[in-house]
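Here's the structure we're looking at; comments come further down.
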Amino acid sequence: MPTDTPAPPQRAASLSDDDRLLVAHCAELSFPPSSPAPAAASARYFQVHHASHPYPCAAFAFAPSWSAADWAAPSTAEGARQPFGDAEVDAALFPSLRAVGSGVPARANAAFLAAFRGLLDGSPLQSEVSRAVAEEKRIVFTGHSSGGSIATLAAIWFLEKCTRQGSVNQAHPFCVTFGAPLIGDNIFNHAVRREGWSQCILHFLRPLDIVPRIPLTPLASFREEIQAVLEWLSPQTPNNSPAGRSLVIPEYYETLLRSTLSIASYEACSFMGCTSSILGTLTSFIDLSPYRPCGTYYFFTSSEQLIVLTNSDAVLQLLFYCLQLDPQQQLLDAAARSLSAHWQYEPIKQCMPDIVCVDYLGAISSTAPGRQTDRAAIGNIELSKEALLHLSAAAQWEKQRQRNQTKIDQSCQKIQEALRSLNDYKRTCELRGVSYYDSFKLQREVHDFNANVRRLELAGLWDEIIEMLRRRELPDGFEAREEWVRLGTLFRRLVEPLDIANYYRHSKNEDTGSYLSKGRPRRYKYTQKWHEQLQRAPVGSSLESCFWAVVEELQAEMVDGMAFEDLRDRVVKLESDAHGWYSSGSLGKDVFLGSSSFVAWWRTLPEQHKSASCIAKLVSL
């Protein structure tokens, strides 16, 4: 007979024995028994510790700051957006922290970004990391409180560096934080998950700890209150009760609860499919914090159990529901417990070898709908039925995104068949001595019509994929899957010339504007950026599929009477690009056929220019 009891907690993928020892080592570095005066100025911000067990490693421990000025960037800070103090990440340091398709950069806490940039420029951090890598040691970043946020940025910076150098496997980093505040927005989290870096960044969190939630409140508006919290938490301040801070801390705690509720409710409505028009206007009159969880979270509920969550939506829900007040609990007492929790990570030093990792979200999501109990416990924290509903919905949304990916994968064969058909069309045109671009633009033969049908079929399939990505209906890692990046690149190089031919055949440029600036569909922009991200190539460097669009615009401008001298630089660039693309195999030889409209136009250029052109030999062939 079925019961109303949810399934028991399931064991999560456990940390290896070596990694458990390393986590305990990070806890020892983050919570030393005493804090001797640093020998150098840079040691105030980080210290490096070399160890040989469980394997050779160099651990960089970042110290927390107890000054609100280091948490919330002033309103005059460059790029900082009020009231939450977030700013665009530096693309030079963090080129992968962006939405690949749309190109929108991630945003992160401006004060933490500035602090990390200061470490890179004004401390031996870079040289110490390089030395440890040269000694083939594993790189570890760790920190407590805001030191954990700096450690997270350091780990991502190092991953970016390794990825560009092709040495990720040689020195895969390990980042362990304790009670670290949230640092980046949804795009920040999406990019880290897309790159497969989440498993490198481990956040240990006490369910009641106030500090990780502080960025969910308007930092600029509550600078004094945040300073009161940090002063209470600072080891340099004698421990006392929040009552000693009058009503400042309890009132701020109440604000934090309201902010966390607003954000958790808004996000829950999003992944639960709520279509209320109220949600669409909510952010127009209520400022919601941009910060979201990023990485793998370990909720430290007791010395025997860790709740493991990789689902950032579920983590955000727990950040609110773990703080829900008991009807009989006083606000002052709740605030005191939340502050005290920030210094309750030291038991990790001793308990890591035997602690059990639990996949509680898996147990909740596997429970049949309608069978959840009114309350369930996360360690010694009871969760309401509403909390269980939201956690289950977060898990189901993640599963739905995986199902959507499976559905898209099933269309792969259909896409490949259509591409093979268009490739046959291209070869047939070449055998006739005609560029397939010119043949398609003229639309004189039956096979030109059939190619157009294939083009439209593929456009529909790829537009569906792009829209699902824009609506976050596919897993974060989809855009980094090599098989889809390769397929997208093949599709773009083969089919976009046909879209360009169709665009100029119907003279859409006269009404809409040039193809590149006004007419290019997202399906080609996205697949181009996937390729560039996978290859770590500069943004905008893979425009080979737009070769014909550039040719069409140059031809049109010369027809309109523009002198060659005014177009020389653009023509030279086109020739240089075409030569490189042809040499790499990304541009077909059909563009250089004698009957090609490109060759016919190129031959009208001044003789002096043609004789010195880098493509002169290709055209003569």
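One is the number of the first residue; the rest follow in order along the sequence. We use all heavy atoms of the structure for the numbers below, so side chains are in, but hydrogens, waters and symmetry mates are not.
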Any Lys/Arg nitrogen of E346 or K349 sitting under 4.0 Å from an Asp/Glu carboxylate oxygen of the other? yes
Okay, side chain of Y291, backbone of F84: is any donor-acceptor separation there less than 3.5 Å? yes
Residue E224 excluded, over 12 heavy atoms near CD under 6.0 Å: no
Does R193 use its side chain to pair, donor to acceptor, with the backbone of S198 at less than 3.5 Å? no
So, are R117 and D90 salt-bridged, with charged N and O less than 4.0 Å apart? yes
Using atom types as modelled and distance alone, determine if a side-chain donor or acceptor of H531 lies under 3.5 Å from a backbone N or O of A537. no
Write down the atom of W71, the atom of N109, and the distance for their closest heavy-atom approach. O-ND2, 3.0 Å
When you look at CD of E135, are more than 12 heavy atoms from neighbouring residues, nucleotides or ligands closer to it than 6.0 Å? yes
What I want to find out is whether D313 reaches R292 closely enough, with some N-O distance under 4.0 Å, to be called a salt bridge. no
Short question: side chain of S270, backbone of Y266 - any donor-acceptor pair under 3.5 Å? no
Has the side chain of S52 got a donor or acceptor atom that lies under 3.5 Å from a matching backbone atom of P56? no
Can you tell me how far the CG atom of L230 sits from the CZ atom of R223, to the nearest 0.5 Å? 11.0 Å
Got L29 and H49 here, is their nearest side-chain heavy-atom distance under 4.5 Å? yes
Is any side-chain N of the basic residue among E479 and K529 closer than 4.0 Å to the acidic one's carboxylate O? no
S542 and Q528 side chains, donor-acceptor separation under 3.5 Å: no
Between CD1 on residue I355 and CD1 on residue I348, distance to nearest 0.5 Å: 7.0 Å
Please report the closest heavy-atom contact between L208 and S338, naming both atoms and the distance. O-OG, 2.5 Å
Using the rule given for side-chain contact (heavy atoms from CB on, under 4.5 Å), can you reason through L205 versus L318, listing the C-alpha separation, both sets of side-chain angles and the distance that settles it, and then say yes or no? CA-CA 11 Å; L205 195 68; L318 275 186; over 6 Å; no
Set out, in order, the CA-CA distance, both residues' side-chain angles and the distance that settles side-chain contact (heavy atoms from CB on, under 4.5 Å) for I214 and I226, then state yes or no. CA-CA 8 Å; I214 286 178; I226 293 171; 4.0 Å; yes
So CG of L216 and CG of L288: to nearest 0.5 Å the spacing works out to 10.0 Å
Between D359 and V308, is any pair of side-chain heavy atoms under 4.5 Å apart? no
Flag side-chain contact, heavy atom, 4.5 Å: E225 against E251: no
Counting N and O atoms only, with roles assigned by atom type, does the side chain of S145 sit under 3.5 Å from a partner on the main chain of A180, one being a donor and the other an acceptor? no
Backbone N/O of P538 and side chain of S541: donor-acceptor pair under 3.5 Å: yes
Let me confirm one number: the CZ-CG distance from R337 to L323, rounded to the nearest 0.5 Å. 9.5 Å
Separation between CG (L331) and CG (D333), nearest 0.5 Å, reads 9.0 Å
Would you say the side-chain atoms of T217 and Y252 include a donor-acceptor pair closer than 3.5 Å? yes
Testing the 3.5 Å rule here: is there a donor-acceptor pair between the side chains of Q405 and Q400? no
For a quick check under 3.5 Å, do D209 and Y345 share a side-chain donor-acceptor pair by atom type? yes
Taking the six-membered ring for Trp, are the ring centroids of W157 and F94 within less than 6.0 Å of each other? no
Run the salt-bridge test on R138 and D19 with the 4.0 Å N-O cut-off and return the result as yes or no. yes
Salt bridge E128-R131, side-chain N to carboxylate O under 4.0 Å: yes
Checking ring pair (Phe, Tyr, Trp, His ring centres under 6.0 Å) between F178 and each of Y298, W343, F300, F204, which is the one that passes? F204
Any donor-acceptor pair under 3.5 Å linking the side chain of R206 with the backbone of Q344? yes
D185 (side chain) donor-acceptor with P290 (main chain) under 3.5 angstrom: no
Between atom OG1 of T301 and atom CD1 of I307, what is the distance when rounded to the nearest 0.5 Å? 5.0 Å
Backbone of L388 reached by a side-chain donor or acceptor of S392 within 3.5 Å: no
Ring centre gap for H342 and H144 strictly below 6.0 Å: yes
